Amino acid sequence: MDAQRRAEITEWDAREFSDGFAGLARLVDQGFSGAATDGMAWLFVFEGRVVGVADGDLDGFADASGTVYEAPHEVLPVLFAMQERGGEPRAQYYTNDTSLSEADRKLSQGGFTGYVELSENVLSGDYYVTYTAGESMAAAYVGNSRRLETGDDAFALADDEVGIYTVYEVDLDVRDLPTGDDASDETAAGPTDDAPDDEATASGSAAAGGEPSGSSEGRSDDDDAAGRSAADSDGSTPDPVVPDPSDGDATADADADVGTDDGGDDADTAADTDGTRDGPESDSDRTEDSPRGAAASDSEPARRPDRSETEPDRSETEPDRSETEPDRGDRTASDTGESTSPGDEDVFSEEEQWREQKSIPALDPEQASPPPNRGRESGATNGDQERSVEPRSTEQRSSNRAAVAQRSSSRGSAGQSAERSTARIDELESALETANEARESLEAERDRLAAERDEIAGERDEFADEIDRLESEMSTLREERDRLREELSSVRDRLPESDRSLTAAEAREGTNLFVRYDSKGGATLEDAHDGAVERDALRENLRIEHHTSFETDGLAVEGRPYEEFLRDTIEYGFTRWLVEDLPFEVSETGSQSVLRDLYDALPEIDRAEIGGSASIAIREGGEETREQRPFDLVLRDRMGNPLFVADLNDSRDPTAEGTLESLVSNGRDIAESNDSFAAAFAVTESFFEPGALETASDAVGGGLFSRSKRASFVKLSRKRGYHLCLVEARDGGFHMTVPDL
């Protein structure tokens, strides 16, 4: 099974089972929807029925034990089962041409079984709508965090998107979960010659959608005629005729409908195809002799004009097929020697509904034929319709031609000349009117362009004035900059020389930072976590204090006062950004859920050790020992437990692959030894090499854009792990690039 679907399923609520089908039946009732696995194969269950099997077969669960996962929404096992079974792409549409709601209406009305996927050229997420016999359910995975939406909310989000969606037809294999003492015999026996797999599939689909079903393969023209004759015998309207697969012309027409539209197998299109594929057969022949012709005569007069008025009478040049071919309905009746029974009608009705359930109805209303009973609704009777399509007789057409010839011969040459003159005058007047309209249009265009020219000239003058003003301001600022530099140099000359000096490494090694507040009643990190205070309020009350192992009075670090040196270090800047800015960046982007371990640990920060270390437990030979792993920065809570670690790069060299490998490995060891550990940071003032990015991608499992419920998360077990974050220091600030907020 697909790894991403497996990862999502294992996040659902889980229960263990044993004793095969009997154990499953105790956990899976009629309302259950989810999945079950024996460690290798997977069952997908919808409302207590098996709708699909992946990586195995159903009888493998007869005596198995494993885990049952309950889906957060019933659409997910149906969608996963369809994706694992693999459907046939039947059509593809651009939302601006055919909206998703329009497609949904047609697919639902047509009793479709399959799913729609809207993901191509869509940046906001992936959207799905499943159909079982026309019943639809929707699911959406929104944003990089793959936030799950279902039901009407998911469909509304999908319907508002712009992109390309594909319609997949899927035959679901729906079966009851075997129970009782004969469960193993039933599953081991498998399908028999009397019940082929396609019948099981069809019946399963009908059960899932609540519609009757039957196999549509192997139907003959005789079967179609028998079903229609049965319907006609009791005076009811016959079911729409499904094109016979054995008929070459009908098959070609059906294939063309699928290729150009979205299935095209709706009832009206089928009826129209079946009614005209016999070629030269006249309308009256079809109406009187063929059940299909009768269906066509009911609907055709409302859809198009009588061809006999615009085309020559084919009966004069082509033989009437009704004279050379027996009517299919009559041939069937003669073979059996009796009329079709009502039971036969049920068989064909079920088959019609199953074929409609698998088809994709036309999405373009103009390409769908009107319903067969349109003539009856408008008040027309069958008799009126038959008269409207009756071709005019040969005598009538001959009479009309004779009358026309007689009128033409009576015209004189003078009349013909006058008509030509009048036509020429009309032609010239029309040309003059067209030329006048073109002239007026060009004059209007000329005036518009002149106005735009004047407007652009005015804007050009305004821009020139603005450039002059900005150049003057820039000159003034340069003079101010030079003055301040001279003043700063003068102040430095007056400063007393430092009594002592340290190297940067020595200063960092003996310094720790503490997170403190001016007032405990003011804004705190806990308040920021709860969304109760603004960023400026927290900054005003929060202080980053330092504690050193040496005296700082009169101390210089590399020629600079210690306090000035400390505030310019990457350790101090990163610590301040972590507590003052990161909580608000996470909450403002709605990332509290996908970064919940990191976000919940921020209010617990008490101090930061520069050049600190974290303790890990090592178990060998049944004995446990502890060792220290060094980091550039370790942030702890009040009890000294490590919350975050960071490797910092303040050089111009890029962060290499080895740095990330070490950080990932050490982070795993710390997370396994300390429940408080939440995240590991790689911070650079340069950039990350491609190898480093690839290492981070591999660590979080499936790429930097992994669709797990937690962003950039190194997973150690089902509930244990830590966030791996990559941060760039530039332009005087810090920016998290992985995960991308």
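No experiment lies behind these values; they were computed from the predicted model shown. Nothing fancy with the numbering, it's 1 onward along the sequence.
Between the CG atom of L107 and the OG1 atom of T113 there is a distance of 10.5 Å, given to the nearest 0.5 Å. Distance CG/L726 to CG/D740: 11.5 Å, rounded to 0.5 Å. Note that CG of L598 is 10.0 Å distant from OG of S712, once rounded to the nearest 0.5 Å. Atom NE2 in H735 sits 8.5 Å away from atom CD in E728 (nearest 0.5 Å). To the nearest 0.5 Å, atom CG of residue L100 and atom OG1 of residue T95 are 8.5 Å apart. Atoms CD and CD1, on E117 and I164 in that order, are 12.0 Å from each other to the nearest 0.5 Å.
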Go through the steps to decide whether D698 and E694 satisfy the test side chain to side chain contact (heavy atoms under 4.5 Å, CB included), and finish with yes or no. CA-CA 6 Å; D698 294 339; E694 184 175 353; 4.0 Å; yes

Run the side chain to side chain contact (heavy atoms under 4.5 Å, CB included) test on V51 and V45 for me, step by step, so that the C-alpha distance in whole Å, both residues' side-chain angles and the decisive distance to 0.1 Å come before the verdict. CA-CA 6 Å; V51 295; V45 181; over 6 Å; no

Under the side chain to side chain contact (heavy atoms under 4.5 Å, CB included) criterion, do V68 and L24 qualify, and how do the steps go? CA-CA 8 Å; V68 172; L24 279 174; 3.6 Å; yes

Take Y599 and S587, measure what side chain to side chain contact (heavy atoms under 4.5 Å, CB included) needs, and give me the verdict at the end. CA-CA 9 Å; Y599 187 70; S587 62; 3.8 Å; yes

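For the residue pair Q92 and T166, a side-chain donor N or O sits within less than 3.5 Å of a side-chain acceptor on the partner. For the 3.5 Å distance criterion, the side chains of Y131 and D104 qualify, holding a donor opposite an acceptor. In this structure, a donor-acceptor pair under 3.5 Å is present between the side chains of E161 and S124.
Under the rule for a ring-ring contact (aromatic ring centres under 6.0 Å, His included), F155 has no partner lying at least two apart in sequence or in another chain. With sequence neighbours left out, A154 forms a side chain to side chain contact (heavy atoms under 4.5 Å, CB included) with A138, A140, E149.
In this structure, T37 and M1 have side chains that are not in contact, with every pair of non-hydrogen atoms separated by 4.5 Å or more. Using a 4.5 Å cut-off on side-chain heavy atoms (C-beta onward), V594 and R710 make no contact. Side chains of P72 and L148 form a contact here, defined as non-hydrogen atoms less than 4.5 Å apart. Between S33 and E70, every side-chain heavy-atom pair lies at or beyond the 4.5 Å cut-off. Looking only at side-chain heavy atoms (C-beta outward), C725 and P739 come within less than 4.5 Å of each other. Between N96 and V162 the shortest side-chain heavy-atom distance falls below 4.5 Å. Within the 4.5 Å cutoff, the side chain of V129 has no heavy atoms near those of the Y115 side chain. Residues L118 and D126 have side chains not in contact (no heavy-atom distance under 4.5 Å, counting atoms from C-beta outward).
The heavy-atom pair separating A35 from I9 by the smallest distance is CB-CG2, 4.1 Å. Across all their heavy atoms, L660 and A696 have their closest contact at CD1-CB, 4.4 Å. Closest non-hydrogen pair, L76 versus W12, comes out as CD1-CZ2, 3.7 Å. For the pair A41 and F61, the tightest heavy-atom approach, listed with the atom from each and the gap, is O-CZ, 3.6 Å. The two residues Y127 and L157 make their nearest non-hydrogen contact at CE2-CB, 3.9 Å. When all heavy atoms are compared, the tightest approach of L595 to A711 is CD2-O, 4.0 Å.
The neighbour count for D152 CG, taken as heavy atoms of other residues, nucleotides or ligands under 6.0 Å away, does not exceed 12.
D2 places a side-chain N or O within 3.5 Å of a backbone atom of Q4 that can act as its donor or acceptor partner. Side-chain atoms of S108 never come within 3.5 Å of backbone atoms of R105 as a donor-acceptor pair (strictly under, hydrogens ignored). The backbone N or O of A139 lies less than 3.5 Å from no partner atom in the side chain of T150, so there is not a single donor-acceptor pair. T98 contributes no side-chain N or O that, together with a main-chain N or O of Y93, makes up a donor-acceptor pair within less than 3.5 Å. Between the side chain of R175 and the backbone N or O of R49, no donor-acceptor pair lies under 3.5 Å.
Using a cut-off of 4.0 Å between Lys/Arg side-chain N and Asp/Glu carboxylate O, D13 and R15 are scored as not salt-bridged. Between K715 and E11 there is a salt bridge, since at least one side-chain N of the basic residue sits less than 4.0 Å from a carboxylate O of the acidic one.
Taking the six-membered ring for Trp and thresholds of 30 and 60 degrees, F713 and H723 have ring planes more than 60 degrees apart, a perpendicular arrangement. The aromatic rings of Y128 and Y141 sit perpendicular, their planes meeting at an angle over 60°, well past the 30° parallel limit. Ring orientation note: the planes of F80 and F44 are nearly perpendicular, at an angle over 60° on the 30°/60° scale.
Among pairs with a residue in residues 71-84, those fulfilling salt bridge (charged side-chain N to carboxylate O under 4.0 Å, His left out) read R5-E84, at least two apart in sequence or across chains.
Under the side chain to side chain contact (heavy atoms under 4.5 Å, CB included) rule, F46 has a single partner from V78, V174, T130, which is V78.
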